[in-house]
Amino acid sequence: MAALPSGLLGALDPTSDRAVFRQIADQLREAIDKGRFREGDKLPSEAELVDHYSVSRMTVRNSLSILQGEGLVHSEHGKGVFVRPRPPVRRLASDRFARRHREQGKSAFTVEAEAAGSRPEVDRLEVKEERPSADISVRLGGPRRVLARRRRYLLDHRPVEFAVSYIPLDLARDTPIAEPNPGPGGIYARLEELGHRLDHFDEEIRSRMPTPSEVKTLQLASGVPVIHLIRTAYDTEGRAVEVCDTVMAADAYVLSYQLPAT
């Protein structure tokens, strides 16, 4: 078997207290960080790594498992282990809900997809009336019934986000908001047409590991966390007109914010 190119990976330190499989993981991680392996590149095979480091196949597998758990690489059955692409979508909080986008008939997701050069899609759409959870009810000011709009977002056929919007039923019933396709600009454009001019949005963001259901829905690889975001939209009268509960694949997004210096 041919040796790996000189300088691609280093040698093990036999004097180190660090476990051998962790040393190998460290070297592969460094090679990725320094660009010796780029996005989409295939890492050396298990056999090549076994030969390079003179270790067992199980040791190599443990090293690769660490990188998979960190979300740096993913495995394709029968093909090998590849460097995971960096997040393709920049979610710019200060711009994504700008009124000009709604006036152009574009949703926030469409704007972000276009900026990333990707094709946006929506599937698994479900619209129904229901009783909100206690948390959603409090955020919306206490309605007993809401219209829930569930959908999954995809970029270039890849699932990246699942979201549920909750709108007080007195605002949504018998309006285009209750239709599967609410029309150009989405539900925010329709709310403004109904007289609820949007004033501001509050967002709460946390990261966590996904539930089994979220792994399946977003087709997440092992070790990839999710971003859980809850957004509340307020009109100029201070009324909460929508709560959106969103779960995003953390390897698909960069969250970008502009904060005023006061």
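The basis for the numbers below is simple: all heavy atoms, side chains too, and nothing from hydrogens, waters or symmetry mates.
Taking the six-membered ring for Trp and thresholds of 30 and 60 degrees, Tyr153 and Phe109 have ring planes inclined between 30 and 60 degrees apart.
The salt bridge (charged side-chain N to carboxylate O under 4.0 Å, His left out) contacts involving residues 165-179 comprise Glu129-Arg173, Asp170-Arg239, where partners must be two or more places apart or lie in separate chains.
Centroid-to-centroid, the aromatic rings of Phe201 and Tyr188 come within less than 6.0 Å.
Although no hydrogens or angles enter the test, the distance criterion places no donor-acceptor pair under 3.5 Å between the side chain of His228 and the main chain of Asp245. A donor-acceptor distance shorter than 3.5 angstrom exists from the side chain of Thr175 to the backbone of Ala172, with no hydrogens or angles considered. Remark: the backbone N or O of Ala11 is paired with a side-chain donor or acceptor of Gln27 at under 3.5 angstrom.
The existence of a salt bridge linking Glu121 and Arg158 is excluded, since no basic side-chain nitrogen approaches an acidic carboxylate oxygen closer than 4.0 Å. For Glu48 and Lys42, the salt-bridge test fails: no basic side-chain N is under 4.0 Å from an acidic carboxylate O. A salt bridge links Arg84 with Asp251: at least one charged nitrogen is closer than 4.0 Å to a carboxylate oxygen. A salt bridge is defined here as a Lys NZ or Arg NE, NH1 or NH2 lying under 4.0 Å from an Asp or Glu carboxylate O, and Arg152 with Asp123 meets this definition. By the 4.0 Å N-to-carboxylate-O rule, Arg29 lies close enough to Asp26 to be salt-bridged with it.
In summary, the side chains of Tyr253 and Glu161 do present a donor paired with an acceptor at a separation below 3.5 Å, with no hydrogens or angles considered. Side-chain contact of Ser133 with Asp135: a donor-acceptor pair under 3.5 Å is absent, judged by distance alone. Between the side chains of Ser118 and Asp156, a donor-acceptor pair is found at a separation under 3.5 Å.
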| request: Show your reasoning for whether side-chain contact (heavy atoms from CB on, under 4.5 Å) applies to Leu4 and Tyr53. | output: CA-CA 11 Å; Leu4 295 177; Tyr53 290 111; over 6 Å; no
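Looking at heavy atoms from C-beta onward, Glu130 lies out of side-chain contact with Leu147 at the 4.5 angstrom threshold. The side-chain heavy atoms of Val160 and Leu154, taken from C-beta on, include no pair separated by under 4.5 Å. By the 4.5 Å heavy-atom criterion applied to side chains, Met248 and Glu214 are not counted as neighbours. Residues Arg151 and Arg124 have side chains not in contact (no heavy-atom distance under 4.5 Å, counting atoms from C-beta outward).
Atom CD of Glu76 sits in a crowded spot, with more than 12 heavy atoms from other residues, nucleotides or ligands closer than 6.0 Å.
Applying the side-chain hydrogen bond (donor to acceptor under 3.5 Å, both in side chains) rule to Arg119 yields no partners; only residues at least two apart in sequence or on another chain are considered.
Closest approach of Leu194 to Leu171, counting heavy atoms only: CD1-O, 3.7 Å.
Between Leu49 atom CG and Leu64 atom CG the span is 6.0 Å, to the nearest 0.5 Å.
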